[in-house]
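The structure appears right after this line, and notes come after that.
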Amino acid sequence: MSTIDLTRDHATTTSRGVKPPAPPEAFEHTKLRQGEFWRAIPKYGDVDEQTFLDHVWQYRNSVKTPDELMGTVRDLAPKAFIEDARAGFHRAPMNVRVSPYMMALIDWSNPYDDPIRTQFIPLASRLLPDHPKLALDSLHELEDAPVPGLTHRYEDKALFLPLNTCPVYCRFCTRAYAIGGDTETVEKAELATDPKRWQDAFDYIASRPELEDIVISGGDTYQLPARSLQRIGDALLDIPHVRRLRYATKGPAVMPSKIISDQPWLDALTNVVQRGRALGKDVVLHTHFNNPNEITWITERAMRMLFERGIFVRNQTVLIRGVNDDPRTMRLLVKRLGYLNVHPYYVYMHDMTKGVEDLRTTVQAAIDIEKFVRGSTAGFNTPAFVCDAPGGGGKRDVHSFDHYDRENGIAVYSAPSVKPDQWFLYFDPIDRLSKMAQARWGDAREQERMIAAALAAAGA
Ligand SMILES: *Cc1c(COP(=O)(O)O)cnc(C)c1O
Ligand code: SF4
């Protein structure tokens, strides 16, 4: 009994040492959408490949209004759906902007349940009341900003927001307080492109020798002209203590063809990466895929170009109800990203932002999905599931709560290296709780009692 038979895998094989052949679904991640799939959309019926891949055409034909939505899909979508969207556009805290690439990937025979529609096109019929504890700048990025558009929360890293536009607008954006134009419901803080403001940010970073790591986000660095992308990269690489840069962009997920068609932009990125390498500094791209349907032959070609140039890409996903909150969908996404040499870095709990309660899910769901995904592929391609703690606690491993009241949906986190002696609360969406818990959230005194109890159980 003292020796262990290492050839035997009791859990997964029927006969000794032989693993059964993989089922067809084990190859699903390698099967990418091919061909001119966009031609099924009435407005793009005559659009050839060269035009569809052209990023200027993609920008010009993005859908921003209900009328443009109708003009693009025409009778592919039911009339009632268009009216639902029209009402949704008016009530949303974010502007709407959907690239033709995304429009073409939506299943218009069932737009209500489509994961790409869910991310970009608000529907009035699906909205839920906000959680009573929800705030617009839920991550306190404005409060932790020493100069406008630079958030210095963690000791050795900072988040630089050089602009406030994106190639698309996501309904669930963390930065709904700043991104896009004013909407009927939110007045945005001013983060428009401003070289003086950029210089203030560079000066601040230069004055803080502990800052090694700068995230350049936005908005979205896809929107930076090649010159500006290079200028920001050079200015930051020139600061001796800066060791790592990340350019963050949703672009590869929503308009991958820009990498193929915008040579100056790709060259500028390549120059910064190469200059960084010569200086012993790490410059990478961070992107944001949420659903496996976003990945097509166009994505594969674009990611291949980055890979050939030695540009490393990491992915950050948001866990979204109806988009990727199903274990098999998340596993497929993770495997498909790994297949394209995109490193799945994080899966975030959905932030507690306004008007998108229908997109959030519970901490328990994240824990269950993580359990399913882990073990399905390389460990280094297995993302960490994190909760960016509301109130500025930073990212916490979802499992590391100090207390989790599953009945009332209250998770308590602490962050000793970020903000010691503080507690951070994340709330599950109320419609996912039991009827009794939902009733308790309807009573203001009960709310305070439940929160106090959760904090006490955490040891606060
Ligand atoms: C996410 C974030 C970073 C980067 O954090 P990593 O865990 O290193 O990816 C830096 N600053 C702020 C404010 C952030 O939100
Ligand atoms: S691309 Fe990023 S910053 Fe822009 S709207 Fe989407 S989530 Fe927000």
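Counting convention: from 1, in listed order, for ligands and their atoms alike. Hydrogens, waters and symmetry mates play no part in the numbers below; they use all other heavy atoms, side chains included.
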- Task: Just go through R246, Q316, H286 and tell me whose heavy atom is the nearest to atom 4 (C) of ligand 1.
- Result: R246
- Per-atom filter on ligand 2: closer than 4.0 angstrom to a heavy atom of G219 are 3 (S)
- Task: Report the relative orientation of the aromatic rings in F52 and W38; use parallel for angles under 30°, tilted for 30 to 60°, perpendicular for over 60°.
- Result: parallel
- Note on the structure: From the list F37, Y101, W57, ring pair (Phe, Tyr, Trp, His ring centres under 6.0 Å) with Y44 holds only for W57
- Using 2.8 Å as a strict upper limit, say whether an N, O or S atom of C173 approaches atom 8 (Fe) of ligand 2 that closely. yes
- A student checking ligand 1 against Y346 at a 4.0 Å heavy-atom cut-off should list atoms 6 (P), 7 (O), 9 (O)
- Message: Starting from atom 1 (C) of ligand 1, what is the nearest protein heavy atom, named by residue and atom, and what distance separates them?
- Response: K395 NZ, 1.4 Å
- Item | Protein contact to atom 2 (Fe) of ligand 2 [nearest heavy atom, distance to 0.1 Å] | H288 ND1, 4.5 Å
- Atom CG in L123, atom CD1 in I82: separation rounded to 0.5 Å? 10.0 Å
- Message: Parallel, tilted or perpendicular, judged at 30° and 60°: which one describes the rings of H343 and Y345?
- Response: tilted
- Query: Does the side chain of Y404 come within less than 4.5 Å of I410's, by heavy atoms?
  - Reply: no
- Task: Please check if any side-chain donor atom of Q316 sits under 3.5 Å from a side-chain acceptor atom of Y348, or the reverse.
- Result: yes
- Item | Criterion side-chain hydrogen bond (donor to acceptor under 3.5 Å, both in side chains) on T249 and D220, from CA distance to verdict | CA-CA 5 Å; T249 172; D220 191 296; 2.5 Å; yes
- Task: Using distance alone, with no hydrogens and no angle criterion, decide if Q364 and D368 have a side-chain donor and acceptor under 3.5 Å apart.
- Result: yes
- Item | Metal proximity, C166 vs atom 4 (Fe) of ligand 2, N/O/S cut-off 2.8 Å | yes
- Any nitrogen or oxygen of T151, main chain or side chain, under 3.5 Å from a nitrogen or oxygen of ligand 1? no
- Query: Atoms of ligand 1 less than 4.0 Å from Y345 heavy atoms?
  - Reply: 6 (P), 7 (O), 8 (O), 9 (O)
- Task: Specify the protein heavy atom at minimum distance from atom 7 (S) of ligand 2: its residue, its atom name, and the distance to 0.1 Å.
- Result: C170 SG, 3.6 Å
- Query: Counting heavy atoms only, which of F160, Y154, Y348 comes nearest to atom 11 (N) of ligand 1?
  - Reply: Y154
